[in-house]
Visitor: 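One structure, as structure tokens, below. Some questions next.
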Amino acid sequence: MNSPADVEEPEQRRLTKPGRKTRDRIIEAAAELMFHHGVGGTSIPDIQAAAGVSASQIYHYFGDKRGLVLAVVNFQTDTKLDQQRPLLDKLDSIDALRAWCDTAADRQDAMGCVGGCEIGSLASELAERDPSARTDLSASFDRWELPIRSGLARMQTRGELSERADAAALATALMAAIQGGMLLSQVRRSSTPYRHAVSAVIDHIESYVVP
């Protein structure tokens, strides 16, 4: 089955350069508003004003608000993963895992721990309301977990991580710690909960390192 990105790609290829720029501007404006005010708290007129477009342009490119929300999910996923590279592509040591998570914690501190995770915030609001969005968000988390699983698998291939370690389960545990830690950090306005949560999981992963 094609993903939403696969379905949209041919249509995007037909867009003129100005059309693509307009579409991207709408998505970026919607993503910013939805991050700060939630999907439910963001209206089409809000997006029109922020992007400097008409309602007809939004409906032309996305069909309806739901179509725009799905585009925002994909945009936020791409943006989140791009922000974390090249660290995200080199998670094949305990030091690399710690450095990656520390960088995210430092970013939270720089933002005053306001807003939480862009993808997690969308998930908490949409998972029970929109099955298509939930499916896309599940795929987003899969994309985020994949570099962790791949890094741990490389460590096993090199004989640095015990074969007893379940790379997929450990990657999911770390993702859960990241999401839960970010939520607590958002509520408490401190990166300490996030740092404690991810450190505990990485310590557990380190227990599988071959001496």
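Computed from a predicted model, the values in this text were never measured in an experiment.
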Visitor: Could you give the distance from CD (Gln76) to CG (Asp136), rounded to the nearest 0.5 Å?
Guide: 13.5 Å
Visitor: Applying salt bridge (Lys or Arg N to Asp or Glu O under 4.0 Å), name anything that partners Glu160, two or more places apart in sequence or on another chain.
Guide: Arg158
Visitor: Quick one: salt bridge (Lys or Arg N to Asp or Glu O under 4.0 Å) partners of Arg25, sequence neighbours excluded?
Guide: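 In terms of salt bridge (Lys or Arg N to Asp or Glu O under 4.0 Å), with neighbours along the sequence ignored, Arg25 is linked to no residue.
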Visitor: When rounded to the nearest 0.5 angstrom, what is the spacing between OH in Tyr194 and CG in Asp109?
Guide: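 Between atom OH of Tyr194 and atom CG of Asp109 there are 11.0 Å.
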Visitor: Cys101 and Val198: which non-hydrogen atoms are nearest, and at how many Å?
Guide: CB-CG2, 3.9 Å
Visitor: Measure across Ala171 and Leu152 and return the closest heavy-atom pair with its distance rounded to 0.1 Å.
Guide: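 Looks like N-CD1, 4.3 Å.
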Visitor: Indicate, with yes or no, if Phe141 and Val72 share a hydrophobic cluster defined by side-chain heavy-atom contacts under 4.5 Å among Ile, Leu, Val, Met, Phe, Trp and Tyr.
Guide: yes
Visitor: Going by the rule salt bridge (Lys or Arg N to Asp or Glu O under 4.0 Å), which residues pair with Asp203 if we only count those two or more places apart in sequence or in a different chain?
Guide: Arg98
Visitor: Got a second to check how far Ser140's OG is from Asp78's CG, nearest 0.5 Å?
Guide: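 If I round to the nearest 0.5 Å, the distance is 8.5 Å.
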Visitor: Sequence neighbours left out, what pairs pass side chain to side chain donor-acceptor pair (under 3.5 Å) with at least one residue falling in residues 168-182?
Guide: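 Of all non-adjacent pairs touching residues 168-182, those that pass side chain to side chain donor-acceptor pair (under 3.5 Å) are Glu145-Thr172.
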Visitor: Write down the atom of Ile27, the atom of Ala71, and the distance for their closest heavy-atom approach.
Guide: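 Nearest pair, atom of Ile27 first, then Ala71: CD1-CB, 4.0 Å.
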Visitor: Under the side chain to side chain donor-acceptor pair (under 3.5 Å) test, which residues partner Gln186, sequence neighbours left out?
Guide: none
Visitor: Mind checking what makes ring-ring contact (aromatic ring centres under 6.0 Å, His included) contact with His204, not counting sequence neighbours?
Guide: Tyr208
Visitor: How would you list, by chain and number, every residue that makes a side chain to side chain donor-acceptor pair (under 3.5 Å) with Thr103, sequence neighbours excluded?
Guide: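 Per chain and number, Thr103 pairs via side chain to side chain donor-acceptor pair (under 3.5 Å) with no residue.
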Visitor: I'd like a table of donor-acceptor pairs (distance under 3.5 Å, sequence neighbours excluded) in which one partner is a side-chain atom from residues 30-40, with atom names and distances.
Guide:
residue	atom	partner	partner atom	Å
Glu32	OE2	His36	NE2	2.9

Visitor: Tell me the salt bridge (charged side-chain N to carboxylate O under 4.0 Å, His left out) pairs involving residues 40-69, sequence neighbours left out?
Guide: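 Non-adjacent pairs meeting salt bridge (charged side-chain N to carboxylate O under 4.0 Å, His left out): Arg66-Asp130.
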Visitor: Taking only residues two or more places apart in sequence, or in another chain, which ones meet Asp89 in a side chain to side chain donor-acceptor pair (under 3.5 Å)?
Guide: Arg85
Visitor: Who are the side chain to side chain donor-acceptor pair (under 3.5 Å) partners of Thr79, not counting sequence neighbours?
Guide: none
Visitor: Does either side chain, that of Ser199 or that of Arg195, offer a donor lying less than 3.5 Å from an acceptor on the other one?
Guide: no
Visitor: Only counting residues at least two apart or in another chain, list the ones meeting side chain to side chain contact (heavy atoms under 4.5 Å, CB included) with Asp142.
Guide: Ser138
